[in-house]
S.K.: 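Have a look at this one before I ask anything.
Atoms within each ligand, like the ligands themselves, are counted from 1 in listed order.
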Amino acid sequence: MTGLYANVIIDISHESVDKTFQYRVPEKLRGTLKVGQQVYIPFGAGSRRRKGYVVELTDEPEYDVAKLKEIEGIVEHSVTAQSQLIWLAWWMKERYGSTMNQALKTVLPVKQKIKEAPKRQIRLIGEKEAFREAVDLAERRGYKARLRLFCLLKEKNPVPYDQAMNRLNLTPAVLKPLEEAGLIRVEIVEKYRNPLLEMKRLLTGETGRASAMDFSESSPIPVLNEEQQAAAYRICREYDRGIRATYLLHGITGSGKTEVYMELIRHVVEKKKQVILLIPEISLTWQTVMRFYKRFGNRVSLLHSRMSPGERYDQYERARTGDIDIMIGPRSALFAPFERLGLIIIDEEHENAYQSELSPRYDARETAKERARINQASLILGSATPSLESYTKAVLGEYILLKLTRRAKASAALPQAEIVDLREELKAGNRSIFSRRLKELMEDRLKKGEQTMLFINRRGYANFVSCRSCGEAIRCPHCDVTLTLHKDGRLMCHYCGHTVMQPKLCPSCGSAYIAPFGTGTQKIEEMAVKMFPQARILRMDLDTTSKKGGHQEILSAFARGEADILIGTQMIVKGHDFPDVTLVGIVAADISLYASDYRAAERTFQLLTQAVGRAGRGSKAGEAVIQTYMPEHYSIQTAAKQDYDAFYEQEILYRELMGYPPVDEMLGIYLSGKDLEKLESCAEQLAEWIRNAHVEGLCLIGPADAALARKNDSYRKVIYMKHEKKIILLKIKKLLEQQIAGTDNWNDIFIQFDYNPLQAY
Ligand code: ADP
Ligand code: ZN
Ligand code: ZN
């Protein structure tokens, strides 16, 4: 491709970023012009000169070539954050397979509201001497309007623009010569909403109760221990020498990674650079976010999906104008338009949330690496349980590995974890969901007034209703899943929200013997209430947290000691610091092992390690009980010992044996459509194209039904390809995209590509 034509967007903050205009690239710019560059173009009927961004270069004209206008030139020094983000969008489109429009919408903020006219103010900026001279002059010459303004400015500087103009009856002509003389300045005052201040108000003010997070008292900054210091020192030293690298900070739960991040941020901000901190999910990590706010104050902001479009837009503007230095948020915060980006930190880097489920299905860690490269920033990945991908890269020397091996607080130690074999419980006649050991320890904690967390994996143990006669479970009519039973007797689909009352008779065979099956959080709560009637119990799951701030209320109440036991799903294990929790019970540890994908063991290890790691974070020692039907499994054994290295050794062996990522690269192709027959023939066609490419060493699996074979009345198929080299998979993907584009009957088939998929489709 020589890049004969360029697609250009004019207004990137507009809702229709998809509106591109095509221009001819003049010969002198061919080869030099790049995606993301700002160019001068003739626009509209009068061909007025305007600025635009190149979003795509192509050799295929979309219009009549004779009518295309020509690009006039490249705007000098135009490497703005926005042009870098446009380049990043282009990179994402190429890598993850989406349209440029989808990619642009992912990286650029959309202006959804017309902003009100900006507020202005008049500020006196001249020296005292100059001001006195100006007053003298005005008095001598009888410039009354000027004198009125000077009088006001003497009292108050700056003054609101509208107020001054109206009250003093001034015209812009009065201001102009003063501005030109450098005596005053008319400034725009932008008032941005500050989401952290609002949250602070919510946490401290409205409830009237003392919050778990006390804002009045500033907690002292802890002195970093040796390991923390070594990690921070190395990164800072290399940063100062101009070395930009990717670091994997592998620190056990409670080892003080967050404190290391804060030290790094302080260092980088001091160097006048900006920082992006990604966290998996904001509603679960308010505690962490507030620690940053306490340390860095108004220089921090955040971005998340529960903010209104206006609020989000404001935060983008604050980032763009340099009003803040630190942006915190889930994966989309990666696109904060910082011009002086120096550091990107990804906390809990192993979390699935860093992989987008929307097209482009980008991996925030890979994309962060690309953004870091463009911006000459360093990248830090932090976790107690790094993903196999990242750890392997660290082992191979591609990332620099830094370890924190001890809990940060001198008093805190890693909890002792015991594994309980549930088969033995049953043999001993215990049919309760609490093993004898767990029950004993819970009683002990209640007596001592210490807190307990009970954890259950939501997926796979959902409560469903099945027929004892024919064995059929009640399923969602729109999705290929069983409906989940709620306490109020309703059955609900977690994918599409479809809700029905529990039927009295089996819809398949008419039998009256239908009954709930399985154990969910509600069930555990009921059992716990029965077993420990005196205990104060809180439950946290999708049902109790659906309203805004629901998470925070429950977590804060627990942190304030208003409950003895907190029961919950994955949500409760993520990154919370509850110093009074001394017991963690994992009610059923196996569930995630049964999941039908190659990451099952990894996910189980991560969940258990994080869950066990919640205990004993304060001054009292912690214990954990892991209940399981698979006590021998290495993911459970190693999680109980919090031994990442032992887990990694076993797991990487399995991946090598099976040719799974990160050993081989894998590309998932997901197809969905309402017409099953057509979907099947398209999937078969795709497989045929792949086979016909005759790629050596390529392993093709499928087409097959997706794990969720039907969702919202659409059928779903998957094809997987494995190959040693990612570049080969990328080439096949390109080839397939061209083939699809050249065939007409694909229009109602929806296709997505997913690299090294985290979750079964
Ligand atoms: P992580 O992010 O690794 O889970 P945190 O940074 O949250 O760990 O630290 C866990 C706890 O230890 C927090 O309460 C934190 O304030 C405390 N802490 C961290 N570093 C130190 C230190 N050097 N000295 C004392 N306490 C520390
Ligand atoms: Zn039946
Ligand atoms: Zn459904």
S.K.: Salt bridge check, Glu357 against Arg331: does any charged N sit closer than 4.0 Å to a carboxylate O?
M.R.: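 Yes, Arg331 and Glu357 are salt-bridged.
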S.K.: Considering Gln228, Lys257, Arg407, which one's heavy-atom position lies nearest to atom 3 (O) of ligand 1?
M.R.: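 Nearest option to atom 3 (O) of ligand 1, by heavy atoms: Lys257.
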S.K.: Ligand 1 and Thr253, any nitrogen or oxygen pair closer than 3.5 angstrom?
M.R.: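 No: no nitrogen or oxygen of Thr253 is under 3.5 Å from one in ligand 1.
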S.K.: In terms of atom number and element, which parts of ligand 1 are under 4.0 angstrom from non-hydrogen atoms of Arg617?
M.R.: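 Those atoms are 4 (O).
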S.K.: What is the closest protein heavy atom to atom 25 (C) of ligand 1, and at what distance does it sit?
M.R.: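 Closest protein heavy atom to atom 25 (C) of ligand 1: Pro222 CB, 3.8 Å.
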S.K.: When you check the gap from the basic side-chain N to the acidic O, do Arg295 and Glu259 get nearer than 4.0 Å?
M.R.: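 A salt bridge is present here (some side-chain N lies under 4.0 Å from a carboxylate O).
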S.K.: To the nearest 0.5 Å, what is the distance between CD1 on Ile400 and CD on Glu238?
M.R.: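 Here the rounded value is 5.0 Å.
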S.K.: Under 4.0 Å from a heavy atom of Ala408: give me the atoms of ligand 1 that qualify, with their elements.
M.R.: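 Reading through ligand 1 atom by atom, the close ones are 12 (O), 18 (N), 19 (C), 20 (N), 21 (C), 27 (C).
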S.K.: What protein heavy atom sits nearest atom 11 (C) of ligand 1, and how far away is it?
M.R.: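 Looking only at protein heavy atoms, the one closest to atom 11 (C) of ligand 1 is Asp577 OD2, 3.8 Å.
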S.K.: Which atoms of ligand 1 sit under 4.0 Å from any heavy atom of Leu224?
M.R.: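 Once the distances to Leu224 are compared, the set is 23 (N).
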S.K.: Kindly state whether the ring of Tyr654 and the ring of Tyr634 have centres lying under 6.0 angstrom apart.
M.R.: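 No, the ring centres sit 6.0 Å or more apart.
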S.K.: Would you mind running through ligand 1 and noting each atom that sits below 4.0 Å from a heavy atom of Asn225?
M.R.: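 So the atoms of ligand 1 that pass are 23 (N).
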S.K.: Do you know the tightest heavy-atom contact between Pro330 and His304?
M.R.: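 Distance-wise, the nearest heavy atoms are CD-CB, 4.1 Å.
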S.K.: Select the closest option to atom 7 (O) of ligand 1 among Arg291, Glu263, Lys409, judged by heavy-atom distance.
M.R.: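 Selected option, by shortest heavy-atom distance: Arg291.
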S.K.: Of the non-hydrogen atoms in Ser378 and Ala245, which two are nearest, and what is the gap between them?
M.R.: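 Nearest heavy atoms, Ser378 then Ala245: OG-N, 3.3 Å.
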S.K.: Begin from the C-alpha positions of Arg318 and Gln315 and carry the test side chain to side chain donor-acceptor pair (under 3.5 Å) through to its verdict.
M.R.: CA-CA 5 Å; Arg318 294 177 76 195; Gln315 306 324 309; 3.1 Å; yes
S.K.: Is the count of non-hydrogen atoms from other residues, nucleotides or ligands lying under 6.0 Å from Gln376 atom CD greater than 12?
M.R.: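 Open: at most 12 neighbouring heavy atoms sit under 6.0 Å from CD of Gln376.
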S.K.: Looking only at protein heavy atoms, which one is nearest to atom 10 (C) of ligand 1, and what is the separation?
M.R.: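 Checked against all protein heavy atoms, atom 10 (C) of ligand 1 sits closest to Gly254 O, 3.8 Å.
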S.K.: Does any N or O atom in Val223 lie less than 3.5 angstrom from one in ligand 1, N or O only?
M.R.: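 Such a contact does occur with ligand 1.
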S.K.: Nearest protein heavy atom to atom 8 (O) of ligand 1, by residue and atom, and its distance?
M.R.: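 Result: Gly256 N, 3.0 Å.
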S.K.: Please state whether Gly251 comes within less than 4.0 angstrom of ligand 1, counting heavy atoms only.
M.R.: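 Under 4.0 Å: no for Gly251.
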S.K.: With respect to Thr253, which candidate in Arg614, Gln610, Arg407 satisfies the side-chain hydrogen bond (donor to acceptor under 3.5 Å, both in side chains) definition?
M.R.: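 Among Arg614, Gln610, Arg407, the one that satisfies the side-chain hydrogen bond (donor to acceptor under 3.5 Å, both in side chains) with Thr253 is Arg407.
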S.K.: Return the closest protein heavy atom for atom 2 (O) of ligand 1 as residue, atom name and distance.
M.R.: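 Among all protein heavy atoms, the one nearest atom 2 (O) of ligand 1 is Thr258 OG1, 2.7 Å.
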